[in-house]
**Q** 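Below is one structure. I have some questions about it.
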Amino acid sequence: MTERTERFDPRTYEAGWRERWAADDIYRADDDDPRDKHYLLTMYPYPSGDLHIGHWYAATGPDIVARMRRMQGLNVMFPMGFDSFGLPAENAAIDRGVHPWDWTEQNIDRMRTQFRSMGCMFDWSREVVSSDPSYYRWTQWLFIQFFNAGLAYKQMAAVDWCPKDQVVLAREQVEGADRHCWRCGTPVVKRDLEQWFFRVTRYADELLDFSKIDWPDPLRLMQTNWIGRSEGSEIDFAAEAAGVDPIRVFTTRPDTIFGATFMVLAPEHRAVATLTTDERRAEVEAYVAAARRETEIERMSAEREKNGVFIGAHAINPMTDERIPIWIADYVLPGYGTGAIMGVPAHDQRDYAFAVRYDLPIRYVVLPPGGEAPTGEAFVAHSADEVLVDSGEFTGMAAADAIAAITEELAERGQGEAAITYKIRDWLISRQRYWGAPIPIVYCDEHGPQPVPEGQLPVLLPRDVDFAPTGVSPLQSNAAFLAGSCPICGKPARRETDTLDTFVDSSWYFLRYCSPHDETQAWDPVAVMRWMPVDLYTGGAEHAVLHFLYARFFVKALRDMHHLDFDEPFMAVRNQGQILGADHHRMSKSRGNVVNPDDLTSRFGSDTVRCFLMFIGPWDQGGPWNPSSIEGVHRFLGRVWGVAQATSGQPRAVPGMPPAQSLAGEIPGSGGIAPDVVTAVEDGSRGLRRAAHRAIKEVGEDYGELHFNTALSKLMELTNALGAARDDGLAGTGAYAEAVEALLLLLAPMAPHITEELWSRRGKPYSIHQQAWPTFDAAMVVSEMIELPVQVDGKLRDRLTVAPDTSPEEIERLALASDRVQAYLKGRAPRKVVQIPGRLVNIVTPGD
RNA sequence: GGGCGAGUGGCGGAACGGCAGACGCGCCGGCUUUAGGAGCCGGUGUCGCAAGACGUGCGAGUUCGAAUCUCGCCUCGCCCACCA
């Protein structure tokens, strides 16, 4: 008889095991553990109030890997914390009158509890909270290091301003064609403000080098495009007016210089004021003023018609010695290149449109060999066989060669040089809001901006402020906070009231995890040497040009300041996909499509939710929420529950079979099968063992590659094989026990509770999560007989069942002997026989 | 406008250039159950009684053999976008 087991009800055991794991501290990562370290990191979340299903999705993947690596004998650190500075806390305070401190603390408490219900192996003893003074003290210390190294500076600049959030934004935080705020979606405007920056641009070149790290291609590509390196030349165009400096332009196509028939300056270009002639001045000033008033959206729109104003002055084309008019136009951006261009309408679409509108000459100077100048459009091809025409001594030269030759010629004359330009700008880090780390600077009337002495850190964020957004920092409303003193002369000095961008906090939290309780330094160098760099970092791809860029910059800058001795923070990065709402939109409270995991776990238990999330599809893909198959995953765990507790089985409808019980104990379990036992049972147990060993091989590989969906499908196959084996009377045999134990160990990372429960019920030692990962026997993985497809002209026509070591000659003989093959050959000899060992045979007919 | 990625059953999705559709959902049939639910067994790409034919967005190509590689289209998604 199949014995009765208790009904499968995860609610009876899940919470109990979680409590025991926490009490026993089994996930603590010990600095002194002699085994090899493995640092697994998943992005710490913003404590928005409730854990949603996306948090589960993001955390379960790396948790599975962490658990497997631990079972494989590595000393795993898998920490968790909270990115707890930021605007939502402040907005909640404004909307609901809760103080940001309290709002944040309540949310963290709540989310910590919810996180624990997932059964993830986070080492909570290492938790960091970025809004805690014990953390931001060191964020401030880091700012001072950057300041002292010349990597933090304050400058007046035209910056992006979000009118709704009343705060400046970094360039990376302005998104989309309509230039909107990354947080609230409001279109940004330009403002001239004095702001703090980190000098990211100094690291532009090194940030382009991904050779030491294993990151997803799309991520590397996005960063590369964002950094936007362009190689070209800077060229001086002499101004016609006497006593005026030449105007320098940047171009990637110096080979087209003979076609430069005008010059365009950005309206903000500093030469505009001196070059503009008196009769053009009124119009020019009006245009400049209008350009400054316009929003970024209006200015940057590509669809917009080009417009500009002639400033009355002329420059000299250094190659043709022609006089060319100087214009200003807002399609030339002040912050890129030199803020000035040579207008080559024949070879640039924008210049072409501008020239057509203002009737400027268009001269084609680079064409395909033997080609003719197009009419009505610019020729912007970049193929290698373009050739210069009408270009003086360079006529006939290939464009690629001309780029170097013309640049060299200009360099010899002292009128230009090869140059590299980047799109990336320095990182704007100051914010005019309350809930962030105060920038540790004081302003002395005599000594200017001075860093707060390190011994006086942290500069505490005062509780008592009016944080209604007014466009100036709320900290200005607190007189006591404002009153600092100059570290040089001791006289009263006003404190900086801007706070740091929260991306500064997250640019180093992975370092703090290494020694989170160190009160004397940002990190203990020994601990950082022990744990860093991160072996695998997982998180959402939405941070591609934000956090990933900043964190790399931090590590490289700190290395150059001799605070770190490695180049890259994250050796491998993988992005999980996003779980969308059932309506295929991003989950958001306003859409009402947010899925709350608490409801699901109370119905199905945490294991089912974990497995279901991993089964949805490829982890890096995500997808819309569709809970219809969660029942199937729950049923699977129910089958695991059943097969793992079967100690004997009744052969089902197999006439003439001896009772299964009689076999129990006779089969030692490692291949030594009693010779006289019924063949069917022998085959069954060998097949079961093969299934188990295959699963060990493949599930381990899949976990390592983060292919959780296929790993689970293979665990389902093993479970189904166990179910069939039980029904064939194999429960109680050694092979059966081996397969059940393999199943439990392999499933443990994904479903930690049920496997612990079943492991314990089998009388195995606590904890399954501290057992060694199973190993497979390669010989066990191969089948005794394989089925070989036989194709005729690439189409499947028959199958052969042969031993894996059958010779090719024998396989060919068997294949040609097939009636079905002969039906297509019609007595002729094959033209060719293709064999892929172990895979298939293809017989090519002579054809008609 | 530029770049990147993806198109496979009713659905989520499998498939080192080698048996397309693993695994699961759903559906159909059966067993069990007073019923509902749950469970178990079998079936399930399309057309066809069958033999068989046809099938991975469309069209070409490479190959003995293509979902997979190449080229050209179409559709969807993401990123960047007057970056000289």
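Letters A, B, ... are given to chains in the order of the sequence lines, protein chains preceding strands, and every chain is numbered from 1.
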**Q** Select from E717(A) and Q621(A) the residue whose nearest nucleotide in RNA chain B is closer to the 5' end of that strand.
**A** Q621(A)
**Q** Give none if rG42(B) has no partner; otherwise give the nucleotide forming a Watson-Crick or G-U wobble pair with it, both distances under 3.5 Å.
**A** rC28(B)
**Q** If you check every side-chain atom of T710(A), which of rA84(B), rA15(B), rC82(B) has the closest atom?
**A** rA15(B)
**Q** Compare side-chain N and O positions of N842(A) against OP1 and OP2 of rU63(B) and report whether any pair is under 4.0 Å apart.
**A** no
**Q** Hunt down the Watson-Crick or G-U wobble partner of rG55(B), both distances under 3.5 Å, from any strand shown, or write none.
**A** none
**Q** Are side-chain heavy atoms of P318(A) and I235(A) found at a separation under 4.5 Å?
**A** yes
**Q** If you only use heavy atoms from C-beta on, which nucleotide in rA53(B), rC4(B), rC64(B) is closest to the side chain of L221(A)?
**A** rC4(B)
**Q** For the C1' atoms, the ones on rC69(B) and on rC76(B), what distance do you get once it is rounded to whole angstrom?
**A** 23 Å
**Q** Tell me whether the OP1 or OP2 atom of rA14(B) has a side-chain N or O from N709(A) closer than 4.0 Å.
**A** yes
**Q** OP1 or OP2 of rC82(B) less than 4.0 angstrom from a side-chain nitrogen or oxygen of R357(A), does that happen here?
**A** no
**Q** Where the side chain of E787(A) is defined as all heavy atoms beyond and including C-beta, which of rG18(B), rC25(B), rC19(B) is the nearest nucleotide?
**A** rC19(B)
**Q** Out of rC64(B), rA81(B), rA84(B), which nucleotide sits closest to the side chain of W226(A)?
**A** rA81(B)
**Q** Counting just side-chain N and O atoms, does K423(A) come under 4.0 Å of either OP1 or OP2 of rC79(B)?
**A** no
**Q** What's the closest nucleotide to the F615(A) side chain, out of rG24(B), rA22(B), rA14(B)?
**A** rG24(B)
**Q** Can you tell if the side chain of D620(A) reaches within under 4.5 Å of the side chain of N575(A), non-hydrogen atoms only?
**A** no
**Q** So, N307(A) and Y358(A): side-chain donor and acceptor under 3.5 Å apart, yes or no?
**A** no
**Q** If rC69(B) has a Watson-Crick or G-U wobble mate with both distances under 3.5 Å, name it; if not, just say none.
**A** rG61(B)
**Q** Given rC64(B), is OP1 or OP2 found less than 4.0 Å from the side-chain N or O atoms of R831(A)?
**A** no
**Q** Could you tell me whether the phosphate oxygens of rA53(B), OP1 or OP2, come under 4.0 Å of any side-chain nitrogen or oxygen in R797(A)?
**A** yes
**Q** Using atom C1' in both nucleotides, what's the gap between rC19(B) and rA67(B) to the nearest angstrom?
**A** 14 Å
**Q** Could you say whether A340(A) or E172(A) is positioned toward the 5' end of RNA chain B, judged by the nucleotide with the nearest heavy atom to each?
**A** E172(A)
**Q** Cationic tip of K306(A) within the cone over Y331(A)'s six-membered ring, i.e. under 6.0 Å and within 45° of the normal?
**A** yes
**Q** Between rG59(B) and rA15(B), how far apart are the C1' atoms? Round to whole Å, please.
**A** 25 Å
**Q** From rC23(B), rG24(B), rA84(B), pick the nucleotide closest to the side chain of S713(A)?
**A** rC23(B)
**Q** Choosing from rC19(B), rC23(B), rA84(B), which nucleotide comes nearest the side chain of M716(A)?
**A** rC23(B)
**Q** Taking the side chain of F250(A) as heavy atoms from C-beta outward, which of rA84(B), rA53(B), rC25(B) is closest to it?
**A** rA84(B)
**Q** Could you tell me which nucleotide pairs with rG77(B) by Watson-Crick or G-U wobble geometry, both distances under 3.5 Å, or answer none if nothing does?
**A** rC4(B)
**Q** Using a strict cut-off of less than 4.0 Å between a Lys/Arg side-chain nitrogen and an Asp/Glu carboxylate oxygen, indicate whether E542(A) and R586(A) qualify as a salt bridge.
**A** no
**Q** From rC64(B), rA84(B), rA22(B), pick the nucleotide closest to the side chain of V844(A)?
**A** rC64(B)
**Q** Looking at rG24(B), rA84(B), rC11(B), which one has an atom nearest to any side-chain atom of S629(A)?
**A** rG24(B)
**Q** According to the Watson-Crick and G-U wobble definitions, with both distances under 3.5 Å, which nucleotide is paired to rG17(B)?
**A** none
**Q** Phosphate oxygens OP1/OP2 of rA22(B): is one of them under 4.0 Å from a side-chain N or O of R694(A)?
**A** no
**Q** Is any side-chain nitrogen or oxygen of R635(A) closer than 4.0 Å to OP1 or OP2 of rC25(B)?
**A** yes
